[in-house]
Amino acid sequence: MIVPDDSVASAEILQTVEDQLQSIPFIDVHTHLFMPSLGRLGLWGIDELITYHYLEAELFRSSTITPAEYWKLSKREQADAIWHALFVDHTPVSEATRGVVAVLHALGLPTAESSLKTAREFFADQNPDEHIDHVFELAGISEAVMTNDPLDPDEAPLWERGAGRDPRFHAVLRLDRILNKWADHWRVLVSQGYAVDADAGAQSIAEVRRFLDTWCQRMQPVYMAVSLPDTFAFPEESVRARLIAGAVLPCCREHGIPLSVMIGVRYQVNPAIKLAGDAVGKADLHAVEHLCVQHPENRFLISVLSRENQHELCVYARKFNNLMPFGCWWFLNNPSIVEEITRERLEMLGTTFIPQHSDARVLEQVIYKWRNTRRTVAPILARMYGLLADDGRAPKVEDIRRDVHRLFRGNFESFAGISR
Ligand code: FIX
Ligand code: ZN
């Protein structure tokens with residue numbers, strides 16, 4: 001086939017894709033990272049990296065320590081226990097353990113020592129603010145979207161006192177306590193001056209709307225967000241459904257921001273292992289259909305946790321342009337599954353989705369999570385362009401640059417309304 005000048009020859013496609021993936025800084029649309037002005041909420045460093053709940057889950061499979069014994073240890077002792085069990089007594093081949101190895105390697109640290117001494121000395125020397133820049137550069141991201149909880153007793157006062165903003169971090173108004181645990185938390189709203197009650201009747205809904213409005217002005221969130229169980233239904237006769245329809249969605253419309261719904265968690269199936277104790281369940285996605293049909297003026301960023309729900313979500317995205325699928329969330333963030341989901345989305349949605357987010361809870365995790373994403377996605381995109389060339393249209397460098405920019409920046413910027 002004659003290849004016109006600005007088209008990419010088949011043999012060059014993979015390299016061109018890799019170059020574009022490397023050269024375009026991504027926006028990480030969902031993390032649990034925090035900007036410096038939110039202080040100790042932001043986790044970083046070796047002990048936090050090693051005691052990540054993904055690794056805690058693997059520790060309890062790979063050693064005889066019981067959760068009760070583990071929680072009695074200090075953070076440092078917990079990290080030592082995990083390092084020994086998963087990185088010394090076992091070969092670190094799982095996605096999460098290999099991730100730690102990749103981070104240590106990227107920071108020029110040894111990856112196979114019997115102790116964490118060298119790593120601890122390295123992190124003790126870091127200037128936190130410069131370290132964020134260095135880590136973001138290694139990860140190839142320019143911005144991270146936080147998860148900010150207005151009912152978190154440690155976080156809320158920092159915002160109320162006027163937490164300084166940082167262009168590297170975007171805020172998100174996270175609503176899990178309000179929507180999933182109203183019975184436990186409505187009194188906190190009362191203590192903040194809102195006339196709500198346990199029943200969440202019309203007045204409570206109006207007051208929650210006022211609460212959300214106040215926090216939107218305070219945080220300037222790029223979206224509101226909630227994680228939801230595999231049993232989530234909408235509409236339904238519940239406080240959650242009433243608050244979503246009567247307060248959350250109207251407030252999102254007023255502030256021109258999307259609602260992110262992350263569906264499919266089976267919370268705390270094993271409470272003994274705390275954060276690591278959540279699991280996954282296949283959800284009935286009719287709730288997504290009803291949200292999109294009944295609230296066409298709202299935009300929905302949607303991620304589903306169950307592998308079995310991915311195809312349905314793709315089909316719904318073909319029906320509703322106010323639905324933006326994003327990420328291979330949590331238990332899906334493994335190359336074999338990311339490959340499957342990303343190929344299916346490209347085949348069904350073209351480049352009109354957001355392939356991934358890191359869900360990083362510890363700063364340095366963005367290094368391996370984005371390197372793994374680039375490593376997994378590059379051959380998938382290259383194969384797609386190869387098929388396009390076989391079908392009679394060789395891709396141009398500009399096509400590839402534009403598509404990568406769209407997938408990892410542009411789609412989010414335009415859907416969240418933060419286009420530069
Ligand atoms: O709800 C969420 O945002 C989840 O991502 C977290 O709760 C989960 O614990 C996690 O860290 C997943 O990667
Ligand atoms: Zn998350």
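Since the model is a prediction, treat every value here as computed from it, not as a measurement. Indexing begins at 1, ligand by ligand and atom by atom, following the structure's order. Index from 1, following the sequence.
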Between R266 and D230 (salt bridge meaning N to carboxylate O under 4.0 Å), is one present in this structure?
yes

Atom 4 (C) of ligand 1 has as its nearest protein heavy atom W329 NE1, 3.5 Å

How close does the nearest protein non-hydrogen atom get to atom 11 (O) of ligand 1, and which residue and atom is it?
R361 NE, 2.7 Å

Within the 4.0 Å heavy-atom shell around S227, which atoms of ligand 1 are there?
1 (O)

What protein heavy atom lies closest to atom 10 (C) of ligand 1? Include the residue and the distance to one decimal.
H53 NE2, 3.5 Å

Using 2.8 Å as the threshold, say whether any N, O or S atom from H357 sits that close to the Zn ion (ligand 2).
no

Under 4.0 Å from one or more heavy atoms of H30, ligand 1 contributes atoms 3 (O), 5 (O)

Can you find a side-chain donor-acceptor pair between Y194 and T214 that sits under 3.5 Å?
yes

Under 3.5 Å side-chain donor-acceptor pair for E58 and T97
no

N/O donor-acceptor pair under 3.5 Å between R174 side chain and L151 backbone
no

Applying a 4.0 Å heavy-atom criterion (strictly less than), which segment of R174 is in contact with ligand 1: side chain, backbone, both, or neither?
side chain

In ligand 1, which numbered atoms sit nearer than 4.0 Å to a non-hydrogen atom of D359?
5 (O), 12 (C), 13 (O)

Ring-plane angle category for H286 and H290, please: parallel below 30°, perpendicular beyond 60°, tilted otherwise.
tilted

Treating D197 as the side-chain partner and S204 as the backbone partner, does any N or O pair qualify as donor plus acceptor under 3.5 Å?
no

What atoms of ligand 1 come closer than 4.0 angstrom to any heavy atom of H32?
2 (C), 3 (O), 4 (C), 5 (O), 6 (C)

Do the charged groups of E398 and R401 touch, with an N to O distance under 4.0 Å?
yes

What I want to know is whether Y54 and ligand 1 share at least one N or O pair that is separated by under 3.5 angstrom.
yes

